[in-house]
Amino acid sequence: MDRDGDLVFAKDGLNYVLFVGHDRGTVRLALPNSWPIESQGERSRVLRAAAAVNAGPSPAKLYVVGDNTWGGVVLFLCSTRCLARALPLALEGLEMGAREFIRIMTG
C-alpha cells in the first residue's frame, strides 16, 4: 500500500495501482507508465492507438499522462465482496487493452 492507501502490486511483470476510496462507490485499476513517449511523432501515434483501443470492446481506457501512457478501468462496486469478483475481470480487460495498444504501436 502506498501512503494514500492505494494498493500497488505487480502481475506478470507489470505494475498496477488500485485506487480506492477517492470517489465514492468506485475503484480505479490503473496500469501506469506503460509506454513512454519519446517524441512528438510518437505522441501522435500513441494518441491514435489509444483512441482505437478506447473505441474498441475492451473496458480499458488508455490515455497520456505527461510523457507516458497509462491504462485504466473504473469499477462501480456495491461492496468489497463485489471487488473480489470484479478485480480479475478488470485485470483481464486492462491486459486486453494493453495488448491491443502494443499490437497497434508495433504493427
Side-chain angles (χ1 to χ4, degrees):
M1 241 185 222
D2 68 8
R3 65 181 178 184
D4 295 324
D6 302 314
L7 180 63
V8 179
F9 64 97
K11 179 182 179 290
D12 299 331
L14 299 173
N15 295 314
Y16 294 88
V17 180
L18 188 64
F19 294 97
V20 293
H22 297 280
D23 294 314
R24 189 178 186 109
T26 65
V27 174
R28 187 166 53 104
L29 176 64
L31 177 60
N33 305 317
S34 57
W35 187 281
I37 301 169
E38 298 174 352
S39 69
Q40 284 296 58
E42 187 172 41
R43 180 177 300 276
S44 294
R45 289 181 52 232
V46 163
L47 290 170
R48 282 193 302 276
V53 171
N54 293 347
S58 168
K61 299 302 171 210
L62 289 121
Y63 46 95
V64 171
V65 176
D67 287 331
N68 246 301
T69 307
W70 283 47
V73 174
V74 175
L75 305 169
F76 295 92
L77 301 175
C78 55
S79 70
T80 53
R81 224 169 82 198
C82 292
L83 179 59
R85 285 187 257 147
L87 186 57
L89 296 172
L91 277 166
E92 184 178 318
L94 188 48
E95 289 166 356
M96 183 173 86
R99 280 191 305 272
E100 179 63 9
F101 176 82
I102 290 168
R103 185 193 68 75
I104 294 168
M105 289 298 293
T106 59

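We count residues from 1, following the sequence as given. Every value quoted in this text rests on a predicted model; they were computed, and no experiment measured them.
Scanning all heavy atoms of the two residues, the minimum distance from P36 to E42 falls at O-OE1, 3.5 Å.
For R43, the salt bridge (Lys or Arg N to Asp or Glu O under 4.0 Å) partners at least two apart in sequence or on another chain are D67. Remark: F76 engages no residue in a ring pair (Phe, Tyr, Trp, His ring centres under 6.0 Å) (not counting sequence neighbours).
Taken from CG in N68 to CD in E38, the straight-line distance is 9.5 Å, to the nearest 0.5 Å.
The hydrophobic cluster containing V64 also contains W35, counting ILVMFWY residues as joined when their side-chain heavy atoms lie under 4.5 angstrom apart, directly or transitively. At a threshold of 4.5 Å between side-chain heavy atoms, the hydrophobic network of Ile, Leu, Val, Met, Phe, Trp and Tyr places V74 and L91 in two separate groups. Residue L7 is grouped with residue L29 when hydrophobic side chains (ILVMFWY) are merged at heavy-atom distances under 4.5 angstrom, including chains of intermediate members. One hydrophobic cluster, built from ILVMFWY side chains closer than 4.5 Å, holds both M105 and L47. The hydrophobic cluster containing W70 does not contain I102, counting ILVMFWY residues as joined when their side-chain heavy atoms lie under 4.5 angstrom apart, directly or transitively.
Here the rule is side chain to side chain contact (heavy atoms under 4.5 Å, CB included) with V53, and of R99, E100, M96 only E100 fits it.
Proximity of V8 to N15: side-chain heavy atoms (C-beta onward) are nowhere separated by under 4.5 Å. Between L14 and Y16 there is a side-chain heavy-atom pair separated by less than 4.5 Å. When side chains are defined from C-beta on, F101 counts as touching V46, because their heavy atoms get closer than 4.5 Å.
Side chain of K61 to main chain of G72: no donor-acceptor pair is present (N/O by atom type, distance under 3.5 Å, no hydrogens or angles).
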